[in-house]
Engineer: 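Take a look at this one; I'll ask things after.
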Number of protein chains: 2
Amino acid sequence: MTLSEEDYIKAIYHLGKGEQTPVSTNAVAEKMDTKPSSVTDMVKKLSDKGVVNYRRYKGVRLTEYGRKIALSIVRKHRLWEVFLVERLHFSWDEVHEVAEQLEHVKSEKLIDELDKHLGFPKVDPHGDPIPSKDGEFKKAVKKLLSDALIGTNGVCVGVKDSSPPFLKFLDKNKIALGDPILVLEKEEFDGSLTIKINNKEMRISEQIASNLFVEIID
Amino acid sequence: MTLSEEDYIKAIYHLGKGEQTPVSTNAVAEKMDTKPSSVTDMVKKLSDKGVVNYRRYKGVRLTEYGRKIALSIVRKHRLWEVFLVERLHFSWDEVHEVAEQLEHVKSEKLIDELDKHLGFPKVDPHGDPIPSKDGEFKKAVKKLLSDALIGTNGVCVGVKDSSPPFLKFLDKNKIALGDPILVLEKEEFDGSLTIKINNKEMRISEQIASNLFVEIID
DNA sequence: ATAATATTTTAGACAAAACTAAAAATTTGT
DNA sequence: ACAAATTTTTAGTTTTGTCTAAAATATTAT
Ligand SMILES: [Mn+2]
Ligand SMILES: [Mn+2]
Ligand SMILES: [Mn+2]
Ligand SMILES: [Mn+2]
């Protein structure tokens, strides 16, 4: 697979979360920052290669083969992110761009040794699970903080939005993965929450809460 | 610079060892495993970009700017090689192909942190010097073992040929960088040498000797 | 149901990087 | 010096991945 093909495969994978439903041409174009016509061209090529199922005007879905490829790229992306943060002192808002390049380096030995070197991590710096060599990975049992009821006791385990602005906001407010969170209050009017995190009370907007994953520990 | 441009720049740099003399189109084509006509096209483009000086039929030379770029690519290549060998258990004959890809990853922070992480190594696994961030590096005072006189006492510090077959041969014969070497005999007829290495006497062909660098310690 | 709107595809063009075949310039041999 | 051989460049294609503009299809609203 070429670099470009790999990026398309990854985009289709991420957009097709739930799997079954086909992904629209426009959605791919938006995510990849290209034009829909370019997506159509590429999708035809990927279809010829057996990577996706495609019927015109009906959207596109990864085949089993395509899913394998997607998972291997995601695995590489996330392992590199762990490496950058844990070994090279990158902060979690700086890794994405570099991992975007590193994920395309071709060498099975490289990625297996990297995995071993890092102690077979299960999640990346944003709390996203790292697929194993054979493409398996557990869908973590996490829910959005914005969906948690008052009194919920949990641990912060991931972010939905991993854009630098959001991650920097969390850093600034000393919210990190692994932190225990208790939901104290929920404002009906704007959905904002009062939480206790690291023994400190703070109020966060619904926009923040809907981008933070927690694992409930009841 | 694109990946392809970077590979051309690196090739021109390596071919132009002594600096001054221009590099021929055919030489670049051979090294890059492409056709001379492709080289001509690329060299024109690099000339437009100010990376090389080019006059048709007269060959090509890197500009000062081009040399900077070349050194930064060589730096990345060699630092990654060190990483692969020292941290990921690659052997020295496996690293080149992967470093060939990693050298193109764009991130100044990445390479500076990698350098730090590795303890600012001075040479790569083949004994080749690693340029510093600002493009300086010492031309090691090494000479070919085949040029050494009888009685010479030295340390093996590098290889001229770093192809897997040669490196594997050295491994098999327990010859490694850092090993002390004493030249015992030199056969007039075929140029072969009898050397003492690691307290063991062995005979090596002139072809081997002419691809091993030693630093003399007299 | 039909018109308006939005989405998707097709057709045609372009830039990057490669190739082949032929022409031009240089180098070599006598 | 001049012919032969070699090297290098030019001209014309090809492939990959992109784009714009226009046509086709699907969706939504009246
Ligand atoms: Mn990518
Ligand atoms: Mn991530
Ligand atoms: Mn390369
Ligand atoms: Mn090397």
Side-chain angles (χ1 to χ4, degrees), chain A residues 1-17 20-62 66 69-70 73 100-101 103-106, chain B residues 1-17 20-62 66 69-70 73 100-101 103-106:
Chain A
M1 297 294 150
T2 67
L3 188 148
S4 197
E5 287 169 342
E6 290 189 348
D7 280 339
Y8 274 96
I9 292 169
K10 196 167 56 123
I12 294 166
Y13 172 79
H14 284 308
L15 290 168
K17 294 179 195 296
Q20 342 300 12
T21 47
V23 176
S24 81
T25 301
N26 265 11
V28 177
E30 176 147 358
K31 170 150 273 202
M32 302 269 311
D33 201 27
T34 56
K35 302 293 168 180
S37 52
S38 305
V39 174
T40 302
D41 285 347
M42 179 58 88
V43 145
K44 281 180 184 166
K45 191 173 23 145
L46 292 177
S47 181
D48 289 345
K49 287 195 172 195
V51 172
V52 300
N53 286 123
Y54 166 68
R55 283 183 12 256
R56 61 203 214 301
Y57 292 103
K58 299 297 182 185
V60 67
R61 277 166 29 202
L62 291 178
I69 296 171
I73 301 166
E100 203 60 41
Q101 300 176 64
E103 72 190 357
H104 301 289
V105 174
K106 268 122 193 126
Chain B
M1 296 295 150
T2 66
L3 188 149
S4 196
E5 288 170 343
E6 289 188 349
D7 279 338
Y8 274 97
I9 292 169
K10 198 168 55 125
I12 294 166
Y13 171 79
H14 284 309
L15 290 168
K17 293 179 195 297
Q20 342 298 13
T21 46
V23 176
S24 81
T25 300
N26 265 11
V28 177
E30 176 146 0
K31 169 151 274 203
M32 302 270 309
D33 200 27
T34 57
K35 302 292 169 181
S37 53
S38 306
V39 175
T40 302
D41 285 347
M42 179 57 88
V43 145
K44 281 180 185 168
K45 193 179 14 155
L46 291 177
S47 180
D48 289 344
K49 287 195 171 194
V51 172
V52 300
N53 286 123
Y54 166 67
R55 281 178 18 252
R56 62 202 212 303
Y57 293 103
K58 298 299 181 184
V60 67
R61 278 166 27 200
L62 291 178
I69 297 171
I73 302 166
E100 202 61 40
Q101 300 177 64
E103 73 190 355
H104 302 289
V105 174
K106 268 118 191 132

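As a basis for the values below, the full set of heavy atoms in this structure was taken, side chains included, without hydrogen atoms, waters or symmetry mates. Throughout, a chain's letter reflects where its sequence line sits, starting with A, and its residues are numbered from 1.
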Engineer: Send over the distance from B:Met42 CE to C:dA15 P, rounded to a whole Å.
Structural biologist: 16 Å

Engineer: Please name all residues satisfying side-chain contact (heavy atoms from CB on, under 4.5 Å) with A:Asn26, sequence neighbours left out, ordered by chain then number.
Structural biologist: A:Ser24, A:Pro36

Engineer: Using a cut-off of 4.0 Å on non-hydrogen atoms, how would the nucleic acid contact of B:Ser37 be classed: base, sugar-phosphate, or nothing?
Structural biologist: base

Engineer: In whole Å, what is the span from the CZ atom of A:Arg55 to the C1' atom of C:dT9?
Structural biologist: 15 Å

Engineer: Whole angstroms only, please: what is the CD-C1' distance between A:Glu30 and C:dT7?
Structural biologist: 13 Å

Engineer: Excluding sequence neighbours, so at least two apart, what forms side-chain contact (heavy atoms from CB on, under 4.5 Å) with B:Lys35?
Structural biologist: B:Ser37, B:Ser38

Engineer: Quick test: give all pairs of protein nitrogen or oxygen and nucleotides 24-28 of chain C nitrogen or oxygen below 3.5 Å, distance rounded to 0.1 Å.
Structural biologist:
{"unit_1": "C:dA24", "atom_1": "N3", "unit_2": "B:Tyr57", "atom_2": "OH", "d": "3.4"}
{"unit_1": "C:dA25", "atom_1": "O4'", "unit_2": "B:Tyr57", "atom_2": "OH", "d": "3.2"}

Engineer: Counting N and O atoms only, with roles assigned by atom type, does the side chain of B:Lys106 sit under 3.5 Å from a partner on the main chain of B:His104, one being a donor and the other an acceptor?
Structural biologist: yes

Engineer: Exactly one of A:Val60, A:Leu46, A:Ile12 should register a side-chain contact (heavy atoms from CB on, under 4.5 Å) with A:Val51. Which one does?
Structural biologist: A:Leu46

Engineer: Would you say CG of B:Asp33 has more than 12 non-hydrogen atoms from neighbouring residues, nucleotides or ligands within 6.0 angstrom?
Structural biologist: no

Engineer: Quick one: label B:Thr40 by what it contacts on the DNA or RNA (base, sugar-phosphate, nothing), any heavy atom closer than 4.0 Å.
Structural biologist: base

Engineer: Distance check needed: D:dT15 P versus A:Glu5 CD, whole Å only.
Structural biologist: 15 Å

Engineer: Just the rounded figure in Å: distance from C1' of D:dT16 to CG of A:Asp48.
Structural biologist: 14 Å

Engineer: So does B:Asn26 get a side-chain nitrogen or oxygen closer than 4.0 Å to the phosphate oxygens (OP1/OP2) of D:dT6?
Structural biologist: no

Engineer: Where is the tightest heavy-atom contact between A:Lys31 and A:Leu15, given as atom of each residue plus distance?
Structural biologist: CD-CG, 4.0 Å

Engineer: Roughly how many Å is it from CG in B:Asp41 to P in D:dT14, rounded to a whole number?
Structural biologist: 16 Å

Engineer: Please confirm whether the shortest side-chain N or O distance from A:Ser24 to OP1 or OP2 of C:dT7 is below 4.0 Å.
Structural biologist: no

Engineer: Categorize A:Ser38 for me: base, sugar-phosphate, or nothing, with a 4.0 angstrom heavy-atom threshold over every strand shown.
Structural biologist: base

Engineer: Identify, between B:Val39 and A:Met32, the residue whose nearest nucleotide on DNA chain D lies closer to the 5' end.
Structural biologist: B:Val39

Engineer: Which distance, rounded to the nearest 0.5 Å, do you find between the NZ of A:Lys10 and the CD1 of A:Ile73?
Structural biologist: 7.5 Å

Engineer: How many whole angstroms separate atom CG of B:Leu3 from atom C1' of C:dA18?
Structural biologist: 14 Å

Engineer: Which nucleotide wins on minimum distance to the side chain of B:Lys35, given the candidates D:dT18, C:dA18, C:dT20?
Structural biologist: C:dT20

Engineer: In whole angstrom, give the distance that lies between atom CD of A:Glu6 and atom C1' of D:dT16.
Structural biologist: 15 Å

Engineer: What nucleotide, of C:dA18, D:dT10, C:dT8, holds the atom closest to the side chain of B:Lys44?
Structural biologist: D:dT10

Engineer: Whether B:Tyr54 contacts D:dT8 is assessed here as follows: a side-chain N or O lying under 4.0 Å from the phosphate OP1 or OP2. Is that the case?
Structural biologist: no

